[in-house]
Each structure stands twice: as structure tokens, then as C-alpha cells.
2 protein chains.
Amino acid sequence: MPSKLSRKELTQCADCACFNIRKASRAVTAVYEERLHETGLRGTQFTLLVMIAANEPITISHLAEKLVMDRTTLTRNLRPLEKQELVDVVQGEDRRTRAVRLSKSGHKSLAEALPLWKKAQKKVVSFMGEEQMTDLLDKLHTLEKITGI
Amino acid sequence: MPSKLSRKELTQCADCACFNIRKASRAVTAVYEERLHETGLRGTQFTLLVMIAANEPITISHLAEKLVMDRTTLTRNLRPLEKQELVDVVQGEDRRTRAVRLSKSGHKSLAEALPLWKKAQKKVVSFMGEEQMTDLLDKLHTLEKITGI
DNA sequence: CTGCAATAGGTGTATATACTCCCATTGCAG
DNA sequence: CTGCAATGGGAGTATATACACCTATTGCAG
């Protein structure tokens, strides 16, 4: 009875939101990583540096919330940045918390990476068209709020 | 000179396509994984089963191309599915190639997972609205073509 | 036929992601 | 003050992702 899926069902699955957003995500990520490569930063790492710079000092959980990322994922993603001494993670006032900050070196790396990020961003915006891009970002912002519904 | 980024620059970075699509990707993936959890399949694994079912038998490289995924990533993603005996990977005619197919068990798992995938898909489509969703998928399809430009 | 470039694929390594379970600290009910 | 739930965070485990480098097979120029 539960034999093979019909052609129609398989076609339906091609519109899977999860599949399509992950697929596009891989393609877009590749653009940024290519440009950022010479800085030694990955796309995600650039994002982390930006988010920390904009909010420092910030606790792990608060940062994870802003990133719509699991707390434990963030802990792991910070590891390489700590190793490269781009971020400092120290004990907070509430001794349960840890305060994340950019080091001087982290600010420097971020500043150096910015023009390369701009190139990647420009490439994607040019490719999509400015209006289309704005609309896409709107939809992505909507989607990220689906968590917890 | 390369000191801290200005408030304006940090604000600009908030529109990073890479950051935003990955963030939304995490949120959307969570919806599908929650629904698929009882099947023992991850979102990506469901996608893989669908793609294989629609194209079997198919070589690693051809499948990777359809998925806009690195060839070696696909090899690794197939590993857990092989272990669960949901897919068979055998030597192709051209002995350099490997032919990927669903096992009987794989077809069964896929058929059982389909209604749960439909629930997840419906949740996302309801959340976004049907027209918005169609438009989003269009944009994602455009984006995935940025690779290699 | 031989040598070699092209093709198909895997391994080592590193990061990204999140779940489950665990520990430390805090704050509050009693 | 004490006991305990709530909060903040890490470790173990498993999957997802891709780059650099390696091996095996094929096919073709000569």
C-alpha cells in the first residue's frame, strides 16, 4: 500500500520551502565566502562579528536570540573566533552569564572585511535587482518569525 | 585608521543577504524537522529521498548538481541513509560512477513521511500566504542560479 | 598500444547546526 | 536561612556543508 510516490506527489515536493531556501542559501553563502576568503573569515563569522560589534557586550543567549540560532550552536561558532582572538568572552556580572566582545583585533578584521562584504552584497543585489532584493529581505524577515508559532 | 565600524555601516550589514537567508533557513528548517521528527528523517534527508525517487538511478555528481550541493557534501549526506538502508548505492556501468537508488524500505519511509511533510509545507504556506510563497520560491530559484556568475 | 588529460568519486579537515543531558548560579518561597 | 525551581551555559553526539587533495577509471592523441 505505501508503495512508490506518484509523479504528481514528487512534483509537489519540488516546491518544498525547506529544500528551496536551503538550496538558495548554499548558493548565496558561496558568493560571500568567495569574496571573504582572503580575510580568513567565513560568511557566518563575518555576521557574528557584525552582530557582536553592534551589541557588545552581549550574553550568549541574547546574541543567539538575535541570530535566530540555537544557543549551543552559537557557543560552537564562537570557538574559532576565540581561537583567532577576534572575540573576547569573559564572565559577566551575573556569574552564570558570559559577556561577548570584539577584541581590538576583531574590530580590525571586521573593518578590513567590510569592503569585501560590500562587494559580495553588491553582487547579489545587482543580480536580483534592488527592488526584488528589498522584497526578498522582507519575506525572509517574515519567515524567521515562524519559529515558535 | 581601520578602527571601529560606524553605526551606519553596522546598520548596512543588517541587510546582508547571506545572514538573512541563513537565518530564515534555520527557522524554516526547524518547522520541517519538528514535523518529520517522528519519522526519524531530517529535513535534508527527506529532500534527498524525494530527489532520488524522482531521478533514480542517478550518479552522485548528477544528483549533487540537481541539489546545488557540493559533490562531497552529498556523499556525506547519503551516509546515514545508507546506514538505515533507505538508499542503495552501487557501482554504475561506467565503473567510475556510483548509481543511487531508493531501497524498498526507502520508498516506504518516503511514503510515510509525505503526509508529515505536507503538514509542514502547509504551515509555512499558510504563514506566508500562497501568493507571497509563490513569489518567494521564484526569487529563491533566481538566487540559486547566482553560482558561477 | 601507450601515455596522459579528463572525469567520477572519496578522505581529511574545519566549520555550521541543533538536540539531549549536564553543571553552576541565582532568586525566591517557606 | 534553606531548599528548589528557574536561568545561563557547556559537553556529547549526530548531521550538514564545502575545500583541498587523493585514487581509480575512461577515452583519446600520437
Side-chain angles (χ1 to χ4, degrees), chain A residues 18-19 21-34 36-38 40-49 57-65 67-84 86 89-100 147, chain B residues 18-19 21-34 36-38 40-49 57-65 67-84 86 89-100 147:
Chain A
C18 183
F19 169 45
I21 199 168
R22 288 180 74 89
K23 190 160 42 116
S25 204
R26 286 191 288 271
V28 171
T29 299
V31 173
Y32 287 78
E33 301 230 322
E34 186 201 333
L36 288 173
H37 185 261
E38 63 181 88
L41 289 174
R42 312 292 299 267
T44 298
Q45 297 176 338
F46 176 83
T47 294
L48 275 185
L49 293 187
I58 185 171
T59 66
I60 302 280
S61 290
H62 286 157
L63 186 52
E65 198 176 339
L67 294 162
V68 189
M69 178 183 285
D70 188 87
R71 183 175 49 72
T72 68
T73 300
L74 176 57
T75 296
R76 298 260 154 77
N77 288 357
L78 286 173
R79 213 60 67 76
L81 297 175
E82 289 182 85
K83 213 178 298 176
Q84 294 178 254
L86 302 180
V89 185
V90 300
Q91 192 175 268
E93 274 185 61
D94 179 335
R95 285 188 302 171
R96 286 171 302 187
T97 68
R98 305 226 293 148
V100 184
T147 294
Chain B
C18 183
F19 169 46
I21 199 168
R22 289 180 74 89
K23 189 159 48 117
S25 204
R26 288 191 288 271
V28 171
T29 299
V31 172
Y32 287 79
E33 302 230 320
E34 186 200 333
L36 288 173
H37 186 261
E38 63 182 271
L41 290 174
R42 310 292 300 266
T44 298
Q45 298 177 338
F46 176 83
T47 294
L48 239 51
L49 294 186
I58 184 169
T59 66
I60 300 280
S61 290
H62 287 156
L63 187 52
E65 198 177 339
L67 293 162
V68 189
M69 179 183 283
D70 188 87
R71 183 177 49 73
T72 68
T73 300
L74 176 57
T75 296
R76 298 255 154 81
N77 288 356
L78 285 174
R79 215 57 71 74
L81 296 175
E82 289 182 84
K83 213 178 298 174
Q84 295 178 253
L86 301 180
V89 184
V90 302
Q91 193 176 265
E93 274 184 64
D94 180 335
R95 285 187 302 171
R96 287 172 299 187
T97 68
R98 306 222 297 148
V100 184
T147 295

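By convention in this document, chain letters (A, B, ...) are assigned in the order of the sequence lines, proteins followed by strands, and residues within each chain are numbered from 1.
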Tell me, do Val100(B) and Leu74(B) make a side-chain contact under 4.5 Å, heavy atoms counted? no
Identify whether any heavy atom of Thr59(B) sits under 4.0 Å from a base atom; if not, whether one sits that close to sugar-phosphate; answer base, sugar-phosphate or nothing. sugar-phosphate
Send over the distance from Ile21(A) CD1 to dA16(D) P, rounded to a whole Å. 17 Å
Can you check the Arg26(B) CZ to dT15(C) C1' distance for me, whole Å? 14 Å
If the test is side-chain contact (heavy atoms from CB on, under 4.5 Å), which one of Thr97(B), Thr75(B), Thr72(B) qualifies with Ile60(B)? Thr75(B)
Starting at atom CG of Asp94(B), determine the distance to atom P of dC28(D), rounded to an integer number of angstrom. 12 Å
Output yes when at least one side-chain N/O atom of Asn77(B) is less than 4.0 Å from OP1 or OP2 of dT17(D), else no. yes
What does dG30(D) pair with, Watson-Crick or G-U, if both distances are under 3.5 Å? dC1(C)
Selection from dA8(C), dT17(D), dA18(D) that lies nearest to any side-chain heavy atom of Thr44(B): dT17(D)
5'-most contact on DNA chain D (nearest-nucleotide basis), Gln45(B) vs Arg95(B), goes to Gln45(B)
Are Arg22(A) and dT17(D) close enough that a side-chain N or O sits under 4.0 Å from OP1 or OP2? yes
Are any of the side-chain heavy atoms of Met69(B) and Asn77(B) separated by less than 4.5 Å? yes
I want to verify a distance call: between dC19(D), dT17(C), dC19(C), whose nearest atom is closest to the Asp70(B) side chain? dC19(D)
How long is the line joining CE of Met69(A) and P of dG9(D), in whole Å? 15 Å
Please check if the side chain of Arg26(A) supplies one atom and the backbone of Leu67(B) the other of a donor-acceptor pair under 3.5 Å. yes
Exercise: identify the closest heavy-atom pair between Glu33(B) and Gly43(B): OE2-N, 2.9 Å
Please determine, for the side chain of Thr97(B), which listed nucleotide (dG9(C), dA16(D), dA18(D)) has the closest atom? dG9(C)
Can you tell me if Glu65(B) has over 12 outside heavy atoms packed within less than 6.0 Å of its CD? no
To the nearest angstrom, how far is Leu78(B) atom CG from dG10(C) atom P? 8 Å
Glu34(A) CD to dA20(D) P: how many Å, rounded? 11 Å
Smallest heavy-atom separation, Leu81(B) atom then Gln45(B) atom, equals CD2-CB, 3.9 Å
Rounded to whole Å, CG of Leu63(B) lies from C1' of dG9(C) at a distance of 14 Å
When rounded to whole Å, the CZ to P distance for the pair Phe46(B) and dA16(D) reads 14 Å
Determine the minimum heavy-atom distance between Thr44(A) and Arg22(B), stating which atoms define it. OG1-NE, 3.5 Å
Base of dA8(C) paired with side chain of Ser61(B) (donor-acceptor, under 3.5 Å): no
Under 3.5 Å, which protein N or O atoms sit close to an N or O of nucleotides 10-14 of chain D? Give each pair with its distance.
{"from": "dG10(D)", "atom 1": "OP1", "to": "Arg98(A)", "atom 2": "NE", "distance (Å)": "2.4"}
{"from": "dG10(D)", "atom 1": "OP1", "to": "Arg98(A)", "atom 2": "NH2", "distance (Å)": "2.5"}
{"from": "dG10(D)", "atom 1": "OP2", "to": "Thr75(A)", "atom 2": "OG1", "distance (Å)": "2.7"}
{"from": "dG10(D)", "atom 1": "N7", "to": "Arg71(A)", "atom 2": "NH1", "distance (Å)": "3.0"}
{"from": "dG10(D)", "atom 1": "O6", "to": "Arg71(A)", "atom 2": "NH2", "distance (Å)": "3.3"}
{"from": "dA11(D)", "atom 1": "OP2", "to": "Arg79(A)", "atom 2": "NH2", "distance (Å)": "3.3"}
{"from": "dA11(D)", "atom 1": "N7", "to": "Arg76(A)", "atom 2": "NH2", "distance (Å)": "3.3"}
{"from": "dG12(D)", "atom 1": "N7", "to": "Arg76(A)", "atom 2": "NH2", "distance (Å)": "2.9"}
{"from": "dG12(D)", "atom 1": "O6", "to": "Arg76(A)", "atom 2": "NH1", "distance (Å)": "3.0"}
{"from": "dT13(D)", "atom 1": "O4", "to": "Arg76(A)", "atom 2": "NH1", "distance (Å)": "3.0"}

On DNA chain D, does the nearest nucleotide to Glu93(B) precede the nearest nucleotide to His62(A) from the 5' side, or the other way round? Give the residue. His62(A)
